[in-house]
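Chain naming here is simple, since letters A, B, ... match the order of the sequence lines and numbering starts at 1 in each. Note that the structure is predicted; figures quoted are calculated from it, not measured.
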Amino acid sequence: MSSSSHFVRERLVVVGNGMAGMRTVDELLKLDPARYDIVVFGAEPHVNYDRIALSSVLAGEKNVDDIVINSREWYAEHNITLHTGDPVVAIDLAAHTVTSKSGVTVGYNRLLIATGSKPIVPPIPGLNLPGVCAFRDLKDVDTMIDAAAHYRRAVVIGGGLLGLEAAWGLKRRGMEVAVVHLMPTLMERQLDESAGKLLQRDLTERGISFFTNGQTEMVTGTDRVTGIKLADGREAPADLVVVAIGIRPETELARKAGLEVNRGIVVGDDLSTSDPDVYAVGECCEHRGAVVGLVAPIWDMAKVCAHHLAGGGTLIYQAQATATRLKITGIDVYSAGQLAAGEDEDEIILRDARRGAYRKLVMRGGQVVGTVLYGNVTDGEWYFDLIRKKTDVGDISDRMILGKAATQGGVAPAFDLNAMADDAQVCGCNGVCKGTIVSTINAKKLTTYDEVKSHTKASASCGSCSTLVREILAATLGVEVAKPEIPKVCKCTGCTHEEVRAAIIERKLKTQDAVREAMGWMTKDGCASCRPALNYYLLCAWPGEYIDDSRSRFVNERVHANIQKDGTYSVLPRMWGGTTNAVELAAIATVASKYGAPEIKVTGGQRLGIYGVKKQDLPAVWAELGEAGLVSGHAYGKALRTVKTCVGREWCRFGTQDSTTLGKELEKMTWGNWTPHKFKMAVSGCPRNCAESSIKDLGVICVDAGFELMVGGNGGIELRGTDKLCTVATEEEVLEYAAAFMQLYREEARYLDRTAPYVERVGIDYIRAKIVDDTENRKALQARFLYAQTFLQDDPWAERATQGVDAHEFAKLASPQEALN
Amino acid sequence: MSVTTLNWVQICKLDDILPLRARVIPAAKGEIAIFRCSDDSVFALRNRCPHKQGHLSEGIVHGHRVACPLHGWVIDLESGEAVAPDNGCTPRLPVKVEDGVIWLGNDVAAG
Ligand code: SRM
Ligand SMILES: Cc1cc2nc3c(=O)[nH]c(=O)nc-3n(C[C@H](O)[C@H](O)[C@H](O)COP(=O)(O)OP(=O)(O)OC[C@H]3O[C@@H](n4cnc5c(N)ncnc54)[C@H](O)[C@@H]3O)c2cc1C
Ligand code: SF4
Ligand code: FES
């Protein structure tokens, strides 16, 4: 251990290149960068990465590069010797050395053990089969991503935080996912029964299935997993099994070395172990009988441990209450402190069934000691702060449940920077408090959220505090942030979509110029975002009066064909309900060969597309298609697209109604209609649902008793199953309800919102109230829809092919006499 | 360095192009798009987006800008430059309007 340099530094060896170990090193470098010659051993073949963000990598929201915390350059810059993929296998306390698997032996003055945890492996047969993995490190995530690409069904054992995040990630990657959970409700360690049930309901709606009270007895398969069997006889097929039932501190190395080990490696308030030269931090250690499983307390440990390693003698580690959040996009759950009231405590509970929201406070004396929030978690950090500081809330305790805004008066709570203590934690993942964010913004003159994120790491991991970070930034800079942000039409205006739509009707604004003038637009002719929106809003508000402005339409809608990457166009005629005939097919074949279209394709919308048509040929192509009775399929428009159907009762042995004819009738009623975004329908003849009605904007599923109507589905970028609207008895009613729903969507959705975000925004109960419960309103909506259709159902192709509409659009300018360069 | 002189060529009448639209004219070095803005100013650019050669003539014209129809880059008609955050440039051509007639400056390589 001698060195030839005259200044001999002490050596610190770190076992474990994970979150706790590297955070401690980071803190130490801040305190005393020159004190140690640092050597790190990591069992994983990677640099230090953000383990929390593995869930986001699995869900496809981040990639591996995004989650690296320290690059190899960082280690080099700080003269840290890094051995990756080489676990330490022995510690010799007497000799002060460690030895790695590859045979490297290094002496130390101080040793830091940060070996984390290992996943608990239950004693059930079959866990060694290919296709079984845990959810702990990058290797596991690779296994899952690979399985999702090649296989269909996954079973996750364990319905805790990790298990559910794994289930969601696999679902996002297209797998069919079932979760087996030993207890009756999910996440029972962090959530009470009510919130656990809400969570199960919401995840079920997102297509994950559950086996609660489920004890896995065996994993089946010979060459690869094929499924699991539960003790009560239930079975589930699986091509991938993820075991996420819990973690156990990784203590073997310490135990073998002779350190005091209980559940974890026993440490004192200064994080030293039973050997004063050896420290331990993170999930591998046990402090006053408790082990940890979240990063917030680990950051505290890292601070304290670094302080002692740097020669300090005053800081002590104290366990704090921790808060939990689930990182599943769109599902907000928060819990902290005590989950349920004991003898001396009271529970206050608030439910908002319409939004599916729930909140509970556990109070002792005048203090909040626990909270569980579901659906709306904006007050989570506030409650958490009160819990940690043991604040006496005394006389407002009965209103506490309503949240910060209601308790402190004022309807729209402006964010008050000064009311927040400097040491209030903002980002639990990275342990960043308000004071640090404010001082970094000021010192580094930061002005954007992304800068704050990269300089402070606040909101850089799970992202759930991003709103708060934005607010702190805005308040520090003295600018305003609107919260919660209701989207503006575009950058030309401060108005929201709702304000513009209301003004168009109330103030009888009938041209785009009138809207822009009345609403104080900042640009004379708007931009490529607001012009199409205003054009649609005016068209919807003033049917028959407003003259459509083709120059405010995206090229596809202006030209009535889809532009392709090479500047040619595709032509997709309507095939009512997915049916066609010999005359139509002959016409399609003829134009394709006559105009040199290289491809005819069966589209995902049950019809044929002709690809590669030149713009100047479009009117002629349409004219010939028109002669065979074909009209525009509006495959290019924010408009009624297709109505998919199945064969139904006419042919199918399971069909209960004539789904094909009903689909055609729906299409005949709705074609030509312009909508805020595209609108797709389907009619299936029975619940086998071969027309995929449950992912359509409006889906019909025929049953013996009639027709189930479903709305708000989307099979596109973000998969969303429909919500059931109601069941009706007759085909007439299907048409009536469909027209009413389409009109409600036309009148209320923001431009470029599909029905899925619209239904999510207003809630299915609202739509039921407007359409199912209120007959008069339904009929009025239907009437407005049908009235608009009297103007909209003109075939745009025929007008252009035979009546010369927009002729200038399709002709190039004549070449001048002189050849141009 | 080569010397170029301009040769003004008559293209069409101003009214052959709708305000806020563009029309296309074939040329040896590739199509030229002629844009007419709402203030009746006229611009001529090669009809290809610096991003992936999208036909700028098909884009939505607003102010002195056009949004490319393929992926939404916005090109400043005065400079031919893509508007930040995007980066790239489309060649412009000299153009003038006299008595309601649009003229294009065709460069003639000389010497
Ligand atoms: C042609 C077709 C693919 C095919 O070869 O089968 C197609 C082609 C395009 N789709 Fe699609 N989609 C086609 C069926 C679908 C389907 C399946 C369906 O309708 O059952 C979906 C998922 C279902 C859904 O919408 O919920 C689908 C989800 C999308 C999305 C994502 C929409 C969303 O809300 O998430 C886009 C992007 C958008 O609209 O912003 C899109 C956009 C596009 C565009 C328009 C991309 C574009 O902007 O240029 C493609 C046009 C190519 C062209 O020139 O024709 N396409 N697209 C299908 C036409 C069906 C038809 O006959 O009209
Ligand atoms: C998918 C997932 C999501 C999570 N989400 C959250 C969350 O939202 N919020 C939150 O607070 N926490 C979350 N956690 C928990 C958090 O990641 C852990 O608490 C934290 O990583 C623990 O840090 P650690 O350093 O103790 O252990 P680790 O980060 O696991 O680091 C230990 C390292 O030591 C290595 N090692 C073990 N033995 C040896 C040896 N003998 N020699 C060399 N190296 C060795 C291991 O390979 C590992 O790389 C999540 C965890 C996972 C897996
Ligand atoms: S999925 Fe749709 S948008 Fe994507 S390439 Fe295929 S047709 Fe184009
Ligand atoms: S080609 Fe113009 S934006 Fe892509």
I need the [X] [atom1] to [Y] [atom2] distance, nearest 0.5 Å.
{"X": "A:Cys492", "Y": "B:His62", "atom1": "SG", "atom2": "NE2", "answer": "7.5 Å"}
{"X": "B:Arg21", "Y": "A:Ser550", "atom1": "CZ", "atom2": "OG", "answer": "7.5 Å"}
{"X": "A:Leu820", "Y": "B:Leu93", "atom1": "CG", "atom2": "CG", "answer": "8.5 Å"}

Taking the side chain as everything from C-beta on, heavy atoms only, tell me whether [X] gets closer than 4.5 Å to [Y].
{"X": "A:Lys812", "Y": "B:Arg23", "answer": "no"}
{"X": "B:Ile60", "Y": "A:Val555", "answer": "no"}
{"X": "B:Ile11", "Y": "A:Leu813", "answer": "yes"}
{"X": "B:Ile25", "Y": "A:Pro816", "answer": "yes"}

Legend entry - Whether B:Asn106 side chain and A:Asn821 backbone form a donor-acceptor pair below 3.5 Å: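 It does hold such a pair.
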Inset, instruction - Would you confirm whether A:Asp525, through its side chain, and B:Gly63, through its main-chain N or O, come within 3.5 Å as a donor-acceptor pair? - result: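 Yes, because the side chain of A:Asp525 sits within donor-acceptor range (under 3.5 Å) of the backbone of B:Gly63.
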Legend entry - Under 4.5 Å from a heavy atom of chain A, the part of B:Leu70 involved: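 It is the side chain, since no backbone atom gets that close.
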Inset, instruction - Identify which part of B:Val66 has an atom lying under 4.5 Å from any heavy atom of chain A, answering side chain, backbone, both or neither. - result: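 The answer is neither part of B:Val66.
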Is [X] in contact with chain B via its backbone, its side chain, both, or neither, using a 4.5 Å heavy-atom distance?
{"X": "A:Ala811", "answer": "both"}
{"X": "A:Arg558", "answer": "side chain"}
{"X": "A:Ser552", "answer": "backbone"}
{"X": "A:Arg551", "answer": "both"}

Inset, instruction - Return yes when atom CG of A:Leu477 has more than 12 non-hydrogen atoms of other residues, nucleotides or ligands closer than 6.0 Å, and no otherwise. - result: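 Yes, enclosed.
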Inset, instruction - Could you tell me which residues in residues 41-57 of chain B have at least one non-hydrogen atom under 4.5 Å from a non-hydrogen atom of chain A, sorted by residue number? - result: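 Counting heavy atoms that sit under 4.5 Å from chain A, the residues of residues 41-57 of chain B involved are B:Arg46, B:His55, B:Ser57.
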Inset, instruction - May I ask you to name which of B:Ala22, B:Pro69, B:Ala67 has the most heavy-atom pairs under 4.5 Å with chain A? - result: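 Between B:Ala22, B:Pro69, B:Ala67, the count favours B:Pro69.
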Inset, instruction - Report the C-alpha separation of A:His808 and B:Asp16 in whole Å, then their side-chain angles, then the decisive distance to 0.1 Å, and conclude whether the side-chain contact (heavy atoms from CB on, under 4.5 Å) test is met. - result: CA-CA 8 Å; A:His808 58 89; B:Asp16 288 334; over 6 Å; no
Inset, instruction - Would you mind listing every salt bridge (charged side-chain N to carboxylate O under 4.0 Å, His left out) that reaches into residues 88-105 of chain B, with sequence neighbours excluded? - result: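 Every salt bridge (charged side-chain N to carboxylate O under 4.0 Å, His left out) pair that includes a residue of residues 88-105 of chain B, provided the two are not neighbours, is B:Lys96-B:Glu98.
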Inset, instruction - Could you list the residues that satisfy side-chain hydrogen bond (donor to acceptor under 3.5 Å, both in side chains) with A:Lys524, not counting sequence neighbours? - result: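 Applying side-chain hydrogen bond (donor to acceptor under 3.5 Å, both in side chains) to A:Lys524 gives B:Ser38.
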Give the table of side-chain donor-acceptor pairs shorter than 3.5 Å for residues 612-622 of chain A, with sequence neighbours excluded, one pair per line with atom names and distance.
unit_1: A:Lys615; atom_1: NZ; unit_2: A:Glu809; atom_2: O; d: 3.1
unit_1: A:Lys615; atom_1: NZ; unit_2: A:Glu809; atom_2: OE2; d: 2.8
unit_1: A:Lys615; atom_1: NZ; unit_2: B:Glu58; atom_2: OE1; d: 2.9
unit_1: A:Lys615; atom_1: NZ; unit_2: B:Glu58; atom_2: OE2; d: 2.7

